[in-house]
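Below is one structure. I have some questions about it.
All ligand and atom numbering here is 1-based and tracks the order in the structure.
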Amino acid sequence: MSDATVRTRNHRVDLALLGIRGTPPVRRTAGAGPSDDGHLSIGGLGAALPRNPASPYVLEGDRVLFDGDDIGLDVAAIARPAFYDLTTDEGVPYEKLAKLHGIGVLASTVVQTCIRYEESQRCRFCSIEESLRSGATVAVKKPADLAAVAEAAVRLDGVTQMVLTTGTSAGRDRGALHLARCVRAVRAAVPDLPIQVQCEPPGDLATIQELYDAGARSIGIHVESLDDDVRRRWMPGKASVSLAEYRAAWAEAVRVFGRNQVSTYLLVGLGENPDELVAGARELIEMGVYPFVVPFRPHPGTLAVDVDGVGAPSAELLTDVSVRVAAALTEAGMLGADQQAGCAACGACSVLQTMGG
Ligand code: SF4
């Protein structure tokens, strides 16, 4: 590997962990999953970087400076999309309904509340309801509104894929059926837009077929950790859904959506043994499930930061795990870029694509 490649990889890892100072035109505050970040392209790949006023990295136009020096990365800030300036007939700004992520990804949380948000049950890294409280979004997105936003984002901003995620609802489907309704409406308006849905294992596995039939082409069923002790500590509510139930849902999703159109987040930095994390990722790959390895991102508004004071993992740990998982993915011929839509296809919250996965 050339010195320049190693330097780029090291900077990309540091940027994922330390973040940037500056105000990228496309950014998000609190929300589901990784958030509070700015969106750039680095070397042609999407990069969603934490916004951190204490970071040694500074974004200045299309350059990233370290100690005042340009670090020589091929960086471009993602421009604010034109669809953000539109509003629904009821006066809701499109920006409150869906966000631009990474390069050409339209993303929305269709239900911005979660039955697991009570403090004793909440995932300690999540701030899904904080963006609702701040007025940055609306609680439930109507399918017709999402369809209008998607149509505008494709027409005005060349969006190429869409991610629809949801907080968990109290119903047996855990929110998947509203996702299916949203997918149907968006596909009716923009039939060629690939959509990924993200949900917990729906109680009835037949719902996975319903999501596909509605028009979704990739699916994320996110477990975050395969270690039950870590799950109980970090996600007490979600840990009530057994790993056996996750495995059954992944297997059914691979049957319906196909190999490498199914993914799950695995977070680095929750205290899991790295060898076990990589072994778990290999098992997922064997099943046809893409392990989307992402560093735990500490941001205010989460219990992990506000109560536990947990910081980001070390660069060594993130590099070690990402390099090993990327190698296993390459060996299996399962690249994130081959997914039709979703986080693995986007890759901006992970360093896996930089490592070759
Ligand atoms: S990886 Fe997923 S959450 Fe991160 S920017 Fe891309 S689409 Fe958004």
Side-chain angles (χ1 to χ4, degrees), residues 12 15-17 19-20 24-42 44-51 76-81 95 97-110 112 123 125-128 131 136-137 146 149-150 153 157 159-167 179 186 193-199 216-224 261-268 290-297 299 302 318 322 325-326 329 335-355 357:
R12 181 65 183 86
L15 283 164
L17 297 171
I20 40 161
V26 171
R27 52 188 184 271
R28 57 184 168 159
T29 52
S35 54
D36 202 8
D37 54 15
H39 293 240
L40 314 175
S41 111
I42 299 180
L45 299 174
L49 306 179
R51 298 180 60 211
I78 307 292
R80 182 186 155 82
E95 186 180 2
L97 298 172
K99 290 274 191 197
L100 185 67
H101 283 201
I103 302 172
V105 185
L106 183 66
S108 179
T109 302
V110 301
Q112 199 80 35
C123 299
F125 46 75
C126 183
S127 60
I128 185 170
S131 46
T137 187
L146 285 178
V149 176
D157 300 295
V159 154
T160 54
Q161 54 142 310
M162 189 168 193
V163 177
L164 293 176
T165 190
T166 184
L179 275 176
V186 171
L193 185 67
I195 303 173
Q196 186 213 33
V197 285
Q198 304 181 343
C199 56
R217 285 298 170 264
S218 305
I219 184 167
I221 303 173
H222 297 166
V223 74
E224 281 91 21
Q261 296 305 330
V262 182
S263 56
T264 186
Y265 270 62
L266 290 183
L267 297 189
V268 178
Y290 186 103
F292 190 58
V293 169
V294 172
F296 159 63
R297 186 185 291 175
H299 59 88
T302 60
L318 179 61
S322 303
V325 173
L329 284 164
L335 298 185
D338 292 336
Q339 299 224 351
Q340 294 211 32
C343 289
C346 165
C349 287
S350 171
V351 299
L352 275 180
Q353 289 194 4
T354 308
M355 305 300 181

So, T166 versus Q198: side-chain donor-acceptor pair below 3.5 Å or not? no

Could I get the full list of side-chain hydrogen bond (donor to acceptor under 3.5 Å, both in side chains) partners for T137, not counting sequence neighbours? K141

Does V293 offer a backbone N or O that forms a donor-acceptor pair with the side chain of S350 under 3.5 Å? yes

Under a 4.0 angstrom heavy-atom cut-off, which atoms of ligand 1 come close to C346? 1 (S), 5 (S), 6 (Fe), 7 (S)

Can you sort out which atoms of ligand 1 are near Y265, meaning under 4.0 Å from one of its heavy atoms? 2 (Fe), 3 (S)

Residue pairs passing the side-chain hydrogen bond (donor to acceptor under 3.5 Å, both in side chains) test with at least one member in residues 339-348, sequence neighbours excluded, are N260-Q339

In a check of side chain to side chain contact (heavy atoms under 4.5 Å, CB included) between V159 and each of I103, V105, V149, L106, which one passes? L106

Metal site atom 2 (Fe) of ligand 1: N/O/S of C343 inside 2.8 Å: yes

Ligand 1 atoms nearer than 4.0 angstrom to some heavy atom of C349 are 1 (S), 3 (S), 4 (Fe), 5 (S)

Could you list which atoms of ligand 1 come closer than 4.0 Å to a heavy atom of H101? 3 (S), 5 (S), 7 (S), 8 (Fe)

So if I count the atoms of ligand 1 from 1 in the order they appear, which ones are less than 4.0 Å from some heavy atom of H39? 5 (S)

